[in-house]
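Count residues from 1 along the sequence. Computed from a predicted structure; not experimentally measured. In listed order, ligands and their atoms are each counted from 1.
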Amino acid sequence: MGDLITMDDLTNEEIIQILDAANTLLPIARGEAYLPLLQGKVLGNLFFENSTRTRMSFETAMKRLGGEVLNLSTIGSSVAKGETLYDTMQMVDGYSDIAVIRHPRQGAAQYSADAVNIPILNAGDGAGNHPTQTMLDLFTIREAHGSLEGLNVMMVGDLRYGRTTHSLSHALVRFGAKLTLVSPKSLKMPIEIVSDLKSHGAEINETEEMISSISSADVIYMTRIQKERFPDEDEYNKVADVYKLDASDLVEAKNEMIIMHPLPRVNELHPNVDSTEHAKYFQQAFNGVPTRMALLCRGLGIEVPKKVK
Ligand code: NCD
């Protein structure tokens, strides 16, 4: 019911409602106000794969709303003894009211949701989806551009294994975005995703070349080449440093163009971009807190008041 596995679980109207709720919760996310909407509730934070931002922002979101957090990771739990995901989820079902799961296998979040009664939020399933990231990405885009409608968005890097781009591209085309998908040939957006985007009427341009599209972009969404998902290191090395966005590439960019990145970055985004007015990735990471607050409230069926003082 309150699950969020892919962006298909949310209508456009619900997306806007969640972004509005996140906006209302901003003072609480910043620690300027306190509202224990989730007092007495327990979040199971289940990370079977590395995470900094997603894990910490869910934990902060829960705590700033007065809730409690149980953390489970592969190291230090019975997962290391060979316990199955199904059995682990039965425990989580009993110990918490809602759970966030990140897992290296595509489909693991849906599998978990099917195995338990509590709501499950997918925090990244292999090369599949990452819908809670998409919600904070949409929050960041709307914060900068005032609307989600009809934007010109470039996605750059590993579009094959990059789950953030899978979920975000789907959501953006539902709001009429025009997409320029920039990747090496071997890391193109999977064909079934491109067909899905086209079936929503999207205008899509697939290219290997980054620089020439910068001047018309409203958003540039950079991504890391997903080393851990490559079958072997040689294949990774062939494409490791293929895109490197540098401040000097931005001379023709629109003033209001924003640069985003789900982070962590490797070499694809030079630190000299950080001090430009286009850089929004650290703000984007912070936006995980209010957005995930709103998603936790949705999952638990708790209404967010229209106004927080
Ligand atoms: C992303 C992920 O885990 O998919 N990170 C994140 O959640 N902010 C991106 C990545 O790992 O490259």
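N237 and E233 share no side-chain donor-acceptor pair at under 3.5 Å.
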Just the distances, no angles: every ligand 1 N or O to protein N or O pair closer than 3.5 Å, one line each.
unit_1	atom_1	unit_2	atom_2	d
ligand 1	3 (O)	R102	NH1	3.4
ligand 1	3 (O)	R102	NH2	3.1
ligand 1	3 (O)	R163	NH2	2.8
ligand 1	4 (O)	R163	NE	2.8
ligand 1	5 (N)	L263	O	3.1
ligand 1	7 (O)	T54	OG1	3.0
ligand 1	7 (O)	R102	NH2	2.9
ligand 1	7 (O)	H130	NE2	2.8
ligand 1	8 (N)	Q133	OE1	3.2
ligand 1	8 (N)	P262	O	2.8
ligand 1	8 (N)	L263	O	3.1
ligand 1	11 (O)	R224	NH2	2.8
ligand 1	12 (O)	R224	NE	2.8
ligand 1	12 (O)	R224	NH2	3.2
ligand 1	12 (O)	Q226	NE2	2.8

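Looking at R265 and D274, a side-chain N of the basic residue comes within less than 4.0 Å of a carboxylate O on the acidic one, giving a salt bridge. A salt bridge is absent between R224 and E268: the closest approach of a Lys/Arg side-chain nitrogen to an acidic carboxylate oxygen does not fall below 4.0 angstrom.
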Apply side chain to side chain contact (heavy atoms under 4.5 Å, CB included) to L136 and V289, showing your working. CA-CA 8 Å; L136 73 92; V289 181; over 6 Å; no

Let me see the working for E59 and K63 under salt bridge (Lys or Arg N to Asp or Glu O under 4.0 Å), right down to the final yes or no. CA-CA 6 Å; E59 183 153 355; K63 289 184 170 168; 2.8 Å; yes

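A side-chain donor-acceptor contact under 3.5 Å links T165 to the backbone of G162.
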